Amino acid sequence: MTEFTDMGVAAIRDGVRDGDFKAVEVAEAFNARVEKAGALNAFLVTTPERAINAAETVDKARADGGQLGSMAGVPIGMKDLFCTDGVETTAASDILKGFHPPYESTVSGKLWEAGAGMLGKLNLDQFAMGSSNETSAFGNVVSPWRRNDGGDAKLSPGGSSGGSSAAVAARLCPAATGTDTGGSIRQPAAFTGITGVKPTYGRCSRYGVVAFASSLDQAGPMARDVRDCAIMLGAMAGFDPRDSTSLNAPVPDWDAALSGDLKGLRVGIPREYRVDGMDGEIDGLWQEGAQRLKDAGATIVDVSLPHTKYALPAYYIVAPAEASSNLARYDGVRYGLRDLPEGADLQEMYAATRAAGFGAEVKRRIMIGTYVLSAGFYDAYYTQASKVRTLISRDFQTAWADCDVILAPTAPSAAFGLGEMVGDPLTMYLNDVFSVPASLAGLPASSVPAGLNKQGLPLGLQLIGKPLDEQTVLNASLALEQRSAFDAKPQEWWT
Amino acid sequence: MAGGAGVSGRAMSVDTQTVLKIARLARIAISEDEARALEPELNNILGFVEQLGEVDTSGVEPMTAVIPNTLRLREDAVTDGNKRAEVLANAPVSEEGFFGVPKVIE
Amino acid sequence: MSDYRIQGETGEWEVVIGLEVHAQISSISKLFSGAATDFGSEPNSQVSLVDAAMPGMLPVLNEECVKQAVRTGMAMGAQINRYSRFDRKNYFYADLPQGYQISQLYHPIVGEGEVVVTLDEKDPDSEQKTIGVERIHIEQDAGKLLHDQHPTMSYVDLNRCGVALMEIVSKPDMRSPQEAGAYVRKLRSLLRYVGSCDGNMEQGSMRADVNVSVRKPGDEFGTRTETKNVNSIRFIQQVVEVEARRQVDLIEDGGTVVQETRLFDAARGETRSMRSKEDAHDYRYFPDPDLLPLELTEEFLSECKASLPELPDAKRARYESELGLSAYNAAVLTADVESYRSFEELLSVTADKLGKSEKDIATSTANWALSIAPGVRNSLGEDADLSHDTAEASAAILQMQAAGDISGGQAKEIYEIVLKTGREPAEIAATEGLQQTSDTSAIEAEIDKVLADNPDKVEQYKGGKDRLFGFFVGQTMKAMKGQANPQIINDLLKQKLG
């Protein structure tokens, strides 16, 4: 039999359900593997006892002939942006150090209800701001992947869900939650050779998820294949009256309707995504991907998304603006860090606390956001960006007349080395160029591993769908997965 | 778009004083040295977003709902509160049921 | 309507006043959370995790608060905006856990409307003035800081944090402290009629930011100052007076008025500049991305409309035209919710008892409610237990009086005993002998006796000595031991004396 830690969500769930093994055995196996993977720094907090308790509950329910949930017996990793009742939640920031939420996020709560267990809280870019996992206050996450040059250069697992991507790729957990604001599920998935899905904005409740940019933040699953993502998304999604932006729409059984047969499907190739100086390998893989979808029965059509170029600048106004306000609550009064210099007054305490508690990237974005909203600049920056956002959304609406799903690269490069981009925030931002448009338009999108580059590093392709049409995204992703036959896995150097 | 400050096609930049002012507005204590270091970084980013000024947005409404959706209203009923211990549990300083902050002179 | 002028060294000045009234919306739970809004609870006991701005907590809008704001707007004949939005007003303070207040800057729920005020509500001849309302928007209240509980710390209580407020912004249409006072009184009355705010200024349910500027009559508006959080009508008027005076003196001394936020020091009777904060006016408003645009349906608006009560101006007109009340009585009875409610209850109960139409008894009932009953209550002072002061009791007294069973004087005496003891009026009348007879034959018998006993006086009366009529009444009443209905005595005497 396959080792437990090589199994995915469906395999574990079905095995537990069929009595092939006990959920507790699975939890123990993953707990042990997590414990040995300290070198990856993927986990901020481990909760082996929670994993065991959940597994025992599932085993008992099965023994009693009770109903088993769709994630029954599957231990998962939880990105540390999701508040978990009684378990320290920091968003990888010093400012939340020691914060134990007395509440559970809707999404994590739904996963526990579906029978999943928690292995621990996963590292991330601080407040999900970053594309490399180098902004965490608790150290970089190291990708389990290495270049095939025989060297031991440490690579980025992508970000912000870098703890999630590294943990899933390294088989520390079969699946993990991620959140995606401008590509934070898709880009790390692409960097680590796993699959990630950002659903339609409003599918997964934001209640209890530490906010970065409210109009963009969406939770989604990260796992090693499309079906596992479909199963997990089914458990995470659903209307939540506690989130005013939650969509009151039925959650389809994506897993049941999953099909790689794309007959009649029109796949759009957006010409504006072919940017100057594009990595030849990525361009090649993109064309290869189109061919694979064609082989699965799809028709390939050229589409135009004329405002693509403006997505990233619009994003870097909207997201920091919302963040500057969302992060105002970290002030050292009700939770987290307080820095009170001798003789400081209230306002000085705020400034000292926030200076000490926020990392450099978080401060940078708060500053940008504060500036673009400040008196005299609001219309020129924020209003203009919001209008451009409307235009970007319209681009997609126009494209849907000609296609049903869009294929594009997930990121403009494979994983880069840790420290390579740190000195240049803007270059780092450019890494989100392909993922940001779907975020601004709130569209469902996935990243599927499609091949390795010459350095032996995974590359991902992205599928973007119509609002609420996760099914088509998942089906096209499955077709791509089936024809890419990506089975590479990182050499285990970290134990 | 209307001319003036910001993304207008005209190069905008912040100086050290502006950086210090933004930091004060954002309640982040920074030294002048830090402000000087942040200045080119912020200008780099602001220079990048400047290109939005090229887009003709006349007659375009700013996006309000990402996915068409209307605001739901909640029934007026007491369903929450009465959880002082939880509310105060994570506070750096709390006394007698209150949060404590450095004395404020109004 | 006002010729209020400030005398300066350079001549007369006119004051221009605009008010931003913050009224707490009557709701059981908060604007965006399910925590209670009760006044005076234990610190931080009415706080949800949303109010405390815990990470990941999100606002969900309370329907009742929207309804009340819309109804209030309708009561002012204001434009109701089918589309409105919530914006964040960003600033840092210890009473504001989110670091922003959710308010409505760009798209308020209510647009322009108006309020008609009478300078002296109790004088029906007083001139009326229409004060424009610029807008009404919905926003969150802040928490509370306590500064005197600890030597080095301020304490933060978030109970009020997130309670719903309506900010009612007037146009700069007022020209005197009296007009400002009349406007707030009228607003308060309107809100209480509508039921959207209890108007309780002592508990902070209503407070005003007072915008004041001065100018030479006919000139352009001057620079205004805003005095924050003034919590009584008297103080609002005082702020206008002292702030206008200060500005006039300042300008005449060669200074200029700075647009700024000021505080009112009630103890010293002066306003003073709030320590100016550099970012006080850079609130970085932007649409709250946690909330969607608020779109009101036709059905919702109809419900709001249908639930509006008769409003003060309409009620006052109806009291005059339908009930035939005097302009003065109509004005006084409709000035606030309590007086019209207790009057209408009394009128209805009394009409039922008497089997008469409300119109027929409106004047006598109003007379009782406005003059007789308050007179008795005032004379009793502390001795009156107002819990005994029911419509049922007053109606019973009015009924006995209308039936001629008791006199006006007896009515007052009975009412007095009711207020002291809570006993039944009928029982009091019987037990205390506070009754009069309307038994015509008994009275007639006594009159006949009086006339027979005084033939000379009868002669004199018939000879033109009209004053003797009172003598006959007095003699008859004496014979009846004071318990005869004087009206019947009068009527019978007139008959018999021709």
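All chains are named by letter (A, B, ...) in the order of the sequence lines, taking the proteins before the strands, and each is independently numbered beginning at 1. Note that the coordinates shown come from a computational prediction; the quantities given were computed from them, not determined experimentally.
A donor atom on one side chain and an acceptor atom on the other are found under 3.5 Å apart for C:Ser29 and B:Asp76.
For B:Ala91, no part lies under 4.5 angstrom from a heavy atom of chain C. Residue contact with chain B, scored on non-hydrogen atoms closer than 4.5 Å, involves the side chain of C:Ala52 exclusively. Using a 4.5 Å cut-off between heavy atoms, C:Pro287 does not touch chain B at all. Heavy-atom distances place the backbone of C:Ser33, and not its side chain, under 4.5 Å from chain B. Heavy atoms of B:Val66 lying under 4.5 Å from chain C are absent altogether. Using a 4.5 Å cut-off between heavy atoms, C:Leu296 does not touch chain B at all. The part of C:Pro151 that comes within reach of chain B is its backbone (N, CA, C, O), which places non-hydrogen atoms under 4.5 angstrom from that chain. Within the 4.5 angstrom heavy-atom criterion, only backbone atoms of B:Ala77 (N, CA, C, O) approach chain C.
Within the 4.5 Å cutoff, the side chain of B:Val78 has no heavy atoms near those of the C:Asp38 side chain.
Residue C:Tyr283 holds its OH atom at 11.0 Å from CG of B:Leu25, rounded to the nearest 0.5 Å. Atom-to-atom distance recorded for C:Leu292:CG and B:Arg72:CZ is 7.5 Å, nearest 0.5 angstrom. Taken to the nearest 0.5 Å, the CG atom of C:Asp51 stands 7.5 Å off from the CG atom of B:Asp80. In this structure, the separation between CG on C:Leu158 and CZ on B:Phe98 is 10.5 Å, given to the nearest 0.5 Å.
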Could you walk me through whether C:Tyr155 and B:Val101 pass side chain to side chain contact (heavy atoms under 4.5 Å, CB included), step by step?
CA-CA 6 Å; C:Tyr155 281 166; B:Val101 296; over 6 Å; no
Passes side chain to side chain contact (heavy atoms under 4.5 Å, CB included), C:Glu295 versus B:Leu71? Steps please.
CA-CA 7 Å; C:Glu295 294 172 71; B:Leu71 191 58; over 6 Å; no
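When all heavy atoms are compared, the tightest approach of B:Arg74 to C:Phe32 is NH1-C, 3.4 Å. Counting all heavy atoms, side chain and backbone alike, B:Lys83 lies closest to C:Leu49 at CD-CG, 4.2 Å.
If you tally non-hydrogen atom pairs under 4.5 Å between each of C:Leu146, C:Ile28, C:Thr37 and chain B, the highest count goes to C:Ile28. Of the listed residues (C:Thr152, C:Asn44, C:Asp157, C:Val66), the greatest number of heavy-atom pairs within a distance under 4.5 Å of chain B belongs to C:Asn44. Of the listed residues (C:Arg85, C:Glu42, C:Gln46, C:Lys67), the greatest number of heavy-atom pairs within a distance under 4.5 Å of chain B belongs to C:Arg85.
Between the side chain of B:Arg84 and the backbone N or O of C:Pro43, at least one donor-acceptor pair lies under 3.5 Å. Here the side chain of B:Lys103 pairs a donor or acceptor atom with the backbone of C:His147 at under 3.5 angstrom. Between the side chain of C:Ser48 and the backbone N or O of B:Gly81, no donor-acceptor pair lies under 3.5 Å.
Other residues, nucleotides and ligands place more than 12 heavy atoms under 6.0 Å from the CD atom of C:Glu63.
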